[in-house]
Student: 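This is the structure I want to talk about, given as C-alpha cells.
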Amino acid sequence: MLTRRRFLAAATGAGLAPFAFAEGEAKRASSTVLTAADVHVEGYPTVEAVRWMGDTLARETQGRIGIRVYHSGQLGRETDAINLARFGALDVARVNVSALNNAFPLTDILALPYVFDSTEHMRRSLDGATGKEILKAFEARGLVGLAFYDSGVRCFYNNRRAIVEPADLRGLKIRVPPSDIFVDFVRALGANPTPLAYGEVFAALQTHLIEGAENNWTTFYTSRQFEVARHWSESLHSFAPEALLMSKRRLDSMSPPDRALVLDVAARSVPYMRTLWDKQESQSRAAVEKAGVQVAQVDRRAFERATAPMIETYLRDPELMRLHRQIRAVA
Ligand code: GTR
C-alpha cells in the first residue's frame, strides 16, 4: 500500500504522473489520473461519490481522465489534504466544512448550529445562491469548490450517560473538529472541547482521553465509535456539510473542455451522493440501535437557549448575517 511519505515524495518531486503511470493506471501517455483524499472508509458515500466521478470521467473521455481515491485517511488529516490541494500536491480534497471554517470564514454559516431546519432546507440552500457563493470563495486561496455533499446532522454521543439537557454535558471532555465554531459551541454548553483529528477519535474514546464527541449516524457507525460510546443524544445541532475541493492549479492546467467536464461531472455526482447518503444514514442508525446504543431525546430548546449568545456573536459579522438571512429565507 502507498504510504503517506511515498505519496508526498512523488507529489512534491517530479509530479504525480510517474507514480500513477508506474501503477499502470494511466492507459496512454496523455492520460490524467487525478488524486483524491478522504478520511472515510471504502463504501462511505463521499468515497463512493468521488469513485463514481472517476468512473464517469473515464467513460466519457475513453479512459483519458480518471481519479484515484486515497480513502481512510491514507494521506493524513483533512487540514493536511486542504493544504496539499492548495499547493497542487493533491488534486481533490473531500473534507468537511468544519475543517475549512478557520481559513474560509464564509463557510462558518454552514457549520453554525441551528441554521438549517432539515436536510431538505440544507440541500435547497446549497443548490441555490448561498452554495454557489461559498464554492466561489475557495478560489481566493488556491482551491476550486466543486460541490457540497450531505453530512447528515450532528448529535452528541458519549461513554458516560444520557445527555438530555446542557447540564448533563457539564465537565465532559468532548472531541470537536478543528473549528472555532465547534470549540465555542461545546464550551457554551459547559463541556470541555477537545479538538482532535477525525482519525484519532476512536482511540481517544477507547482510552478515555475524551468522554464523548459529536457527529452523524453514518460516521458513528462506520468509524465503529458506537462500540465505545454507548449513549447517543438527538441534539441535531449542526448540518455542517462536506465540501469537494480541487486544486486550482491542477484544474487550470487542464484544457478548457476537460475543465468544464470535471466541473460538470462533479455537479452530477451530487444527486448520486444524496441517494447513497439517505440509504446509508438509515442503515447506520438501524445497525447502531441494534447493537444496543441508547438513544436519548434532548430538550432542544434548552440547547438553543444556552448557545444563543455564542451564535449571535458569529452573526455580528455582516457577511455571515447576510448569508444567514439568505438561508432562513428559503427555510
Ligand atoms: C464527518 C465528516 C468528516 C470529518 C468528521 C470530523 O462527519 O464526514 O469529513 O470532518 O466528520 O468530525 O472530523
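Atoms within each ligand, like the ligands themselves, are counted from 1 in listed order. The shown structure was predicted, so the numbers you read here are calculated from the model rather than taken from an experiment. Heads up: numbering here begins at 1 and tracks the sequence. Values below: all heavy atoms of this structure, side chains included; hydrogens, waters and symmetry mates excluded.
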Student: Have a look at Asn216, Asn215, Asn96 and point out the one with the heavy atom closest to atom 11 (O) of ligand 1.
Tutor: Asn215

Student: What is the nearest protein non-hydrogen atom to atom 4 (C) of ligand 1, stated with its residue, atom name and distance?
Tutor: Glu78 OE2, 3.5 Å

Student: Can you pull out every salt bridge (Lys or Arg N to Asp or Glu O under 4.0 Å) where at least one residue sits in residues 209-220? Sequence neighbours excluded, please.
Tutor: Arg154-Glu214, Arg160-Glu211

Student: Please identify which atoms of ligand 1 are closer than 4.0 Å to at least one heavy atom of Thr219.
Tutor: 1 (C), 7 (O)

Student: Going by salt bridge (Lys or Arg N to Asp or Glu O under 4.0 Å), name the residues that satisfy it together with Lys279, two or more places apart in sequence or in a different chain.
Tutor: none

Student: How far is atom 8 (O) of ligand 1 from the closest protein heavy atom, and which atom is that?
Tutor: Glu242 OE2, 2.4 Å

Student: When you measure from the centre of the six-membered ring of Tyr149, is the NZ or CZ of Arg274 under 6.0 Å away and within 45° of the axis?
Tutor: no

Student: Is the closest heavy-atom distance from Ser151 to ligand 1 below 4.0 Å?
Tutor: yes

Student: Please tell me whether Tyr44 and Thr219 have a donor and an acceptor in their side chains that are separated by less than 3.5 angstrom.
Tutor: yes

Student: Quick check, are the ring centers of His237 and Phe156 under 6.0 angstrom apart?
Tutor: yes

Student: Heavy-atom contacts under 4.0 Å between Glu214 and ligand 1: side chain, backbone, both, or neither?
Tutor: neither

Student: Can you confirm if the aromatic rings of Tyr198 and His40 lie within a centre distance of less than 6.0 Å?
Tutor: yes

Student: Quick test of your reading of the structure: of Arg175, His40, Arg77, whose heavy atom lies closest to atom 12 (O) of ligand 1?
Tutor: Arg175

